[in-house]
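Inspection log for the structure reproduced underneath, given as structure tokens.
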Amino acid sequence: MSLDPEIAARLKRNPDGLVPAIAQQHDTGEVLMLAWMNDEALHRTLTTGRATYWSRSRGEFWVKGDTSGHVQHVKSVALDCDGDTILVQVDQVGAACHTGDRTCFDAGRLEMLG
């Protein structure tokens, strides 16, 4: 099986065939992480209910939580108006970040200068 052609036609991919995917906690709106999906990763996410991404560094698919236990149960998936970003609303179990933090955006806020 492959990604529904109607969905695939809406995607605007980068030169590597990837689309950024933002993972967000479904009930609080907390932004957890950004990862990358290709057509197959999006198809797997939509059909399994588990967030599946493409690892640019390893060159392979990874299902969030398969090795860490920090699973993302998918509640909904949406494309932005341009089709160039995917929003994956999840129920995050444990840490979303590979550093062990709840979110990848805990590392440090940037100070506003103006």
Side-chain angles (χ1 to χ4, degrees):
M1 300 292 283
S2 60
L3 186 61
D4 180 314
E6 289 184 24
I7 296 171
R10 294 176 57 195
L11 292 177
K12 291 195 178 98
R13 301 159 193 81
N14 72 10
D16 295 322
L18 301 173
V19 178
I22 299 167
Q24 180 183 42
Q25 179 63 34
H26 76 99
D27 54 353
T28 65
E30 178 183 32
V31 177
L32 301 170
M33 57 178 270
L34 178 132
W36 296 89
M37 289 185 172
N38 60 14
D39 288 25
E40 181 62 24
L42 180 54
H43 171 73
R44 291 181 187 191
T45 297
L46 292 170
T47 58
T48 67
R50 293 277 310 278
T52 304
Y53 303 104
W54 178 256
S55 171
R56 296 176 303 161
S57 60
R58 295 189 309 262
E60 64 185 18
F61 294 103
W62 57 282
V63 179
K64 184 67 175 168
D66 271 1
T67 57
S68 67
H70 300 160
V71 177
Q72 290 179 344
H73 299 284
V74 177
K75 298 298 184 179
S76 68
V77 179
L79 295 178
D80 76 341
C81 57
D82 296 320
D84 62 4
T85 305
I86 301 166
L87 178 63
V88 186
Q89 292 193 316
V90 301
D91 186 14
Q92 177 70 48
V93 176
C97 187
H98 71 281
T99 65
D101 286 339
R102 168 77 181 160
T103 167
C104 293
F105 299 96
D106 283 345
R109 297 186 187 270
L110 303 178
E111 186 176 328
M112 298 298 297
L113 302 175

Q: Answer yes or no: is there a donor N or O on one side and an acceptor on the other, between the side chain of Q92 and the main chain of A95, under 3.5 Å?
A: yes
Q. Are V88 and V31 co-members of a hydrophobic cluster defined by side-chain heavy atoms under 4.5 Å apart?
A. no
Q. Shared ILVMFWY cluster between V63 and V77, side chains joined below 4.5 angstrom?
A. no
Q: Please collect all ring-ring contact (aromatic ring centres under 6.0 Å, His included) contacts where either partner lies in residues 73-111, sequence neighbours excluded, each pair once.
A: none
Q: Using atom types as modelled and distance alone, determine if a side-chain donor or acceptor of Q25 lies under 3.5 Å from a backbone N or O of L32.
A: no
Q. Within a radius of less than 6.0 Å around CZ of R109, do more than 12 heavy atoms belonging to other residues, nucleotides or ligands occur?
A. no
Q) So, does T85 use its side chain to make a donor-acceptor pair with the main chain of P20 at under 3.5 Å? A) no
Q: Consider only side-chain heavy atoms of I, L, V, M, F, W and Y, link residues closer than 4.5 Å, and tell whether I22 and V90 are in one cluster.
A: no
Q: Output the distance between atom CG (L18) and atom OH (Y53), rounded to the nearest 0.5 Å.
A: 13.5 Å
Q. With the 4.5 Å side-chain cut-off for hydrophobic clustering, are M33 and L87 part of the same group?
A. no
Q | N/O donor-acceptor pair under 3.5 Å between N38 side chain and G17 backbone | A | no
Q. Who pairs with H26 by side chain to side chain contact (heavy atoms under 4.5 Å, CB included), at least two apart in sequence or on another chain?
A. K75, Q89, D91
Q | Closest non-hydrogen atom pair, A51 against Q72 | A | CB-OE1, 3.1 Å
Q. Which one of W36, W62, F61 satisfies the ring pair (Phe, Tyr, Trp, His ring centres under 6.0 Å) criterion with W54?
A. F61
(Q) Let me confirm one number: the CE-CD1 distance from M37 to I86, rounded to the nearest 0.5 Å. (A) 5.5 Å
Q: Quick one: list whatever passes side chain to side chain contact (heavy atoms under 4.5 Å, CB included) with S57, sequence neighbours left out.
A: S55
**Q.** Under 3.5 Å: donor-acceptor pair, side chain of K64, backbone of A96
**A.** yes
Q) Looking at CG of L42 and CD1 of I7, how far apart are the two atoms once the value is rounded to the nearest 0.5 Å? A) 6.5 Å
Q) Taking atom CD of E6 as the centre, does the number of heavy atoms from other residues, nucleotides or ligands within less than 6.0 Å exceed 12? A) no
Q | Separation between CZ of R10 and CG of D82, rounded to the nearest 0.5 Å | A | 11.0 Å
**Q.** Distance (rounded to the nearest 0.5 Å) between L11 CG and L3 CG
**A.** 6.0 Å
Q. Out of curiosity, E40 CD to T45 OG1, how far, rounded to the nearest 0.5 Å?
A. 9.5 Å
